[in-house]
Each structure stands twice: as structure tokens, then as C-alpha cells.
Amino acid sequence: MLQTISENAKGYNMLKMRGVAKSFVTKTVETQALQPFDLDISQGEFVAIVGPSGSGKTTFLNIAGLLEAHSEGQYYLDGKDITGLSDRSKSSLRNQKIGFIFQSFNLIPELNLFDNIEMPLRYRTFSRKVRAQRVMEALEKVGLAGRKSHYPQQLSGGQQQRVAIARALAGSPSFLLADEPTGNLDSKMADGIMALLKDINQQGTSILMVTHDMDQARQAGRVVEIRDGYLTEQQLALTA
Amino acid sequence: MKDLQPIIKSLLRAKTAPLLLMLQIAVTFTILVNAVFMLLQKSDEINVPSGLAENELFWFQMSLHGTREEKKTSLFRDLDAIKALDSVSGAVALSSIPFSERGAGHEIRLERDAVGYVTKAAFYSGSYQSLETMGLELIAGEGFTINDERRLYNFGLDVPSGVIITKVLAEQLYPDDWRQVIGETIFLDEDAQPVRGVVEHLIGPWSFWKNRSFNVLFSNVFITPEVSILVRIQGDNIDKSMQDVMDVVMQEPRRTVDHLEVMTDSREKAYRAQVAAYSTLKAVVLGLALITMLGVFGQTRFAILKRRKQIGTRRALGASQIAIVRYYVIENAVINLCGIVLGVVLAVVANNLLVAHFQLEPVPGLYLVYGGVIIFLAGFLAVLQPAIRAASISPAEATRSV
């Protein structure tokens, strides 16, 4: 059964998936992690992906973020068919089109904030000056410009996630992919991060956020639920 | 080289693991360079050129009986009979035999009244054909002729009939130009002898002696109740030659023969202990090198693969597989180079201590260069496999929660 979730599509399609599915095959068993689905996400959208543990959220996120290959269907990222691309091309696409925000921040402890944010920029052909400029702009956006020489462990969890967001923004990606961005934070810090993400979205960056928190999901414009490998569009209450 | 700066920064930030690896590389370097140098020196010692036609020589000791004159007659009669054999190309009586561990030696001076001596050297005295029979190569001056040969009941050094010495002894006596020694008088203890010739090599009787290549050859057959005879064979059947010679010498009724031995066996016996020590040292060095190299391999591997999450994150953020390999290879090269530099310092210090306490020779600088190159290549090999494995870590590792 093919599910089609595209009714909310507006404007330019940043992400277009057609019949995408994921199965894991071992010697004896084939597990269908994600059932075939269609999905469109437009520029400027803020989409929350919700669902219980083990439902396939992370698998979906990995496919959307080119971290894992899908087994069936077509996936167009910013108009480009990524099916069958080489590892090198996918790495380059991840680097230029996607900004990743991880649940446990994934900052490199040995590098200071500036160097952490600069790291993905080093995989591109930017000059040192351009890199420095982008890093500082990103740090300013998340309000940590004054702490560029600090190390991750000198910051609170919320601040570390802000650095990770700055790292994701510095490369001017087509969209942000956030994997439970507030999962490791207390509610006050989580609110701050959500406010920052909404702010970034309002400035035009699309965001795809995996979360298990329905309150946060409702703050996104659109909610897609994954349950047992099936994707369904959730109708949001008007009060959101 | 965009990676170099962040690599150095992260190494300086998290120092312990790289520092340990660096130390291990430095210690490996120090041990290897010093031990390999010692091994090669030992190998030179064992394979020291003898100057002899070793494969064509055998020797024995035989008894002479009767009065002095009877002894002399019987010796020269037998020598002539041996030389007449088809299976023999030469035979000489010699006061001592190379590698036999028995012989005599002198203090060598350039002036009779000099305080101390220049060096000590072993002494061979024998038939005028000794040089040819032993297979020595005369490189300056002249050898002995039949007119030089004397047949005495003592060493006969009081008559200055001339000696032939080895080149290394000549170099010791005249370091600026060893050829100056020709025609000069040297003193063997008190006895003056002009140097008439120089041979390229001649090994002494004592393999373990540091002056084993300093030797003096003299033309006088010293007749004693037991004489040593050195025989050079004709053809390639040394067993037949030995049998033929024994048939000749055993015709004398009271004759006893001792130590019938081919020269290659004498050499082998003389160096047996040193060869055993050499082989043991080699095994120990190889084992040690292997263990320390495995340690370096293990540490390198651990240092890389413990960062799975970080590698996954780098991959997710856009690092290609090549970029991952490059990062860890450069990181390893930085640690490796620092380890080698520290190793050079340690090796020099350790070597100075060895030189000071055990009178060893200092390690030549070239060994440090070779050692550095070898350790660097080994380090490169060590990092290659874990770096390639690191590159195959999935970028999905970044989103894994455990």
C-alpha cells in the first residue's frame, strides 16, 4: 500500500519522496522498517516527525539525511535524484544541503566552539576568511559569539545544542534535520531551543524535526506520524 | 593540509593517549636503532675477513722426535714429501694457526725506548711460502723468498730479517699514510724488524681478541717437539688431500698427530659462541621490535576506533571516506614524527651511555635516519587498516543513541 502525504505541499519542493521504503535483509529474515510512502516538504516548512520508539523515526531521518540508503523508490533532494549516488557525492550533498542537529549534540570535545563550527566548512572550498566569517555569523545567530574559544564541556546542554545549531547553519543548508534536538535538555532549555528553531524557520530555512514530544510537534506547522513503519499526516488542532 | 591545524589543536587538547603512543614510538626507535647497530657490529665481527684461502686449507699438529738435528731433518723431509703430493699445492710449518686460539704476540713500538706501546699484535713465524700457502694478498712491499727462510730452535727475532704486517696494523702505526711503514723499523717488544711488506688481511689466532686483525708474519721455522703444519690443497677434494698427507706423515714410527682440522671448521669453532650470542640477540631484537610494533598498532587502532561516534558525525557533516582516511593518516604522521624526534634524542642519550660505560662505538647518524624512515613507514602501515575501517563507519552512527 502506497501512502501519499503531499496535500500540505506549498511552493518549491525541497524534499520529494516517491514510493520510498526501507527494508533490512539478513540471511533468514527481511524486516520492513518503512513501508512505501510519498512525501513532499516545501521550502520554508517546519515539519515534525513523531512516533513511538522503534517505529522507524530514526530510519526515516537517516534516509532523509542521506545517512542511510533507501531500498526502494525515488528521493529528490532540492530537485536532485539521489538514488544511486556515490558515497562521495552523498557526502558532498549532506555537507552543502543539510544541516544536522543531533540529540546528544555530537560536538567534538577536543575542539573549541569556533573549530567545531568550522569543521564541516573545511570539507568545502571556502577560504579561511570566508570560513571565519560564516562561523562568526552562525555564532551570533545563536547568541554565543563571545564564547568562540570555549570548549563544549564548558557549556550547558542548551548552549551546546545552540553550538550544534550554529554548526548546522554555518554551511547555509537547504534544510535542517533535527533528531530529538531537545531530548537531552530540561524543559527551560528545550523551550529556548524550540524558540531558536522557530526563529530560524521564520527566516526561511526548512526544518525536519524528529521528536517524541507532542507539544513541540504542535509548534511545527506540520506533523507526520510514523507508527510501525507507516507514515501518516496528522491534522493539527487549530489551537496550536 | 586543511586538516593539520585542527589535528594539532585536538592533539594538544587531549594529550594523554597521543603522548603515550608517541612515547612508545620513541622507545621502539631507541631500542631498534641501538640494538640493530649492535647486531650489525657483531655481524661484522663474526664475518671479519681472514685473508686466508679458508676453503682450501687444513692443518694439524705433529710430533718430532730424536735430537734437534733429527727433528729438523724429519720435519723438512715430511714437508717436501707433502708438497710433492698431487693433492697438495703447498705446505708450511707455522708457529701458530689462525683461529686455533693458541699463539704468541708482542707489544709493537715505533721506537725502542718509547713509553708504552702503539698496539699489540699476534705473531706468525714459518716457512718462506707461508704467505702464498695461506692465500694472503700482498698489497705493498715484497714477500719472502727461500733466502729469507731460517730454521732455528727459537723465534730468531734478534736478526732483523724483516716482517710482513697486515694493513690495519700499518694503519694503526702510520694513520696518515699506512704505506710509509714499508722499510721502516718496528719493535716487537725489544726486537727491531724492518717492515718489508703489507698484506690486505690476516686473521690472528684469537677470534675474541679486539686486535685479531693486527698480525705480523716472519720467515723462520721454529723447530719444537710439536709443530703445526698448514696445508693448502690442490683440487677440491679436501678429504683425499688430508688422507694423502696423513699417509705421508704417519710413515714415521713414533709420530703422533693432533688437531687434524679443516680451516672452515676452525673458524666455525672459534666463532660458535659469538654466532650463538648473535642469533640470540637477533631473536631478542626481532621479538622486542615485534612486541613494541604490535603495541603501536594496537594503540593506533584503539585511538581511532574509540571515536566511532565522532567519525560518524564527521561523515554525517560531509566528510567523504577519503577525508576520514586522510585525517587519521595525518594525525598519525604528526604523532609518529614527534615520536621519532623524541626517539632520536633518546637514542643518542642511550648510545652515549652505552659508549661511556661499555666502550661501544657510537651509532652513526645514518642509522638514525634509516631508523626514522623505517619507524615512520611502520607507523603508516599501522594506521592504514584502522583508518580504512574508520572510513567505512556509517554516517548513521551519528544518530545512534548508544
Side-chain angles (χ1 to χ4, degrees), chain A residues 53 57-63 65-69 86-112 114-126 128 131 151 153 164 167-168 170-171 173 177-180 183-184 210, chain B residues 1-22 303-332 334-335 387-402:
Chain A
S53 302
K57 288 197 307 280
T58 300
T59 305
F60 169 78
L61 183 96
N62 285 347
I63 290 171
L66 311 187
L67 302 179
E68 229 175 278
S86 69
D87 178 81
R88 202 188 173 89
S89 310
K90 280 190 195 167
S91 302
S92 165
L93 270 180
R94 279 197 298 272
N95 184 262
Q96 294 176 28
K97 304 280 184 193
I98 308 170
F100 284 95
I101 300 161
F102 304 102
Q103 179 174 359
S104 43
F105 328 132
N106 293 16
L107 297 173
I108 293 175
E110 297 90 18
L111 296 179
N112 65 24
F114 185 96
D115 292 330
N116 259 293
I117 296 168
E118 193 191 22
M119 191 254 284
L121 302 180
R122 284 179 178 270
Y123 301 125
R124 289 159 87 162
T125 51
F126 296 136
R128 177 196 282 261
R131 292 201 304 264
Y151 285 85
Q153 51 278 36
R167 180 176 65 184
L177 210 51
D179 178 21
E180 306 262 13
N184 282 9
V210 168
Chain B
M1 282 291 137
K2 265 196 286 187
D3 292 332
L4 195 58
Q5 195 197 0
I7 285 172
I8 292 174
K9 279 187 184 171
S10 4
L11 289 177
L12 290 176
R13 181 81 187 161
K15 295 185 214 61
T16 317
L19 208 62
L20 278 175
L21 183 55
M22 200 176 99
I304 292 179
L305 296 178
K306 75 172 181 188
R307 288 177 280 183
R308 283 188 75 85
K309 184 93 176 174
Q310 192 186 116
I311 294 163
T313 304
R314 285 178 188 274
R315 294 275 289 125
L317 297 183
S320 63
Q321 290 183 312
I322 302 259
I324 295 291
V325 173
R326 191 180 57 211
Y327 183 92
Y328 290 106
V329 166
I330 294 176
E331 184 189 73
N332 181 262
V334 170
I335 297 173
I388 289 170
R389 254 195 78 184
S392 70
I393 288 174
S394 163
E397 192 74 32
T399 56
R400 206 151 287 170
S401 45
V402 220

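Chain naming here is simple, since letters A, B, ... match the order of the sequence lines and numbering starts at 1 in each. All values below come from the heavy atoms of this structure, side chains included, with hydrogens, waters and symmetry mates left out.
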Quick one: closest heavy-atom pair of [X] and [Y], and the distance?
X: B:L317; Y: A:F100; answer: CD2-CB, 4.0 Å
X: A:N62; Y: B:A396; answer: ND2-CB, 3.6 Å
X: B:S320; Y: A:S91; answer: CA-OG, 3.6 Å
X: B:A316; Y: A:F102; answer: CB-CZ, 4.0 Å

Audit row: B:R314, A:I108, side-chain contact (heavy atoms from CB on, under 4.5 Å) steps and yes/no = CA-CA 9 Å; B:R314 285 178 188 274; A:I108 293 175; 3.4 Å; yes

Close side-chain approach of B:P6 to A:E118, heavy-atom, < 4.5 Å |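 Answer no - side chains too far apart.
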
Take atom CD1 of B:I322 as the centre, draw a 6.0 Å sphere, and report whether it contains more than 12 heavy atoms from other residues, nucleotides or ligands.
-> no

NZ of B:K9: more than 12 outside heavy atoms within 6.0 angstrom?
-> yes

From CD (A:E110) to CG (B:L12), nearest 0.5 Å =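 The distance works out to 11.5 Å.
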
Is it the backbone or the side chain of [X] that comes under 4.5 Å from a heavy atom of chain B, or both, or neither?
X: A:D115; result: side chain
X: A:I98; result: neither
X: A:R124; result: backbone

Among the listed options B:A14, B:S394, B:G312, B:A319, the residue most often paired with chain A at heavy-atom distances under 4.5 Å =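 Ranked by heavy-atom pairs under 4.5 Å with chain A, first place is B:A319.
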
Per-residue contact mode, B:Q321 against chain A (heavy atom under 4.5 angstrom) = both

Verify, without hydrogens or angle tests, whether A:R94 (side chain) and B:R315 (backbone) share a donor-acceptor contact under 3.5 angstrom.
-> yes

Can you check side-chain contact (heavy atoms from CB on, under 4.5 Å) on B:R13 and A:L111, steps first, answer last?
-> CA-CA 8 Å; B:R13 181 81 187 161; A:L111 296 179; over 6 Å; no

Top contributor to chain B interface from A:L67, A:L93, A:N95, A:D179 [non-hydrogen pairs under 4.5 Å] |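 It is A:L67.
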
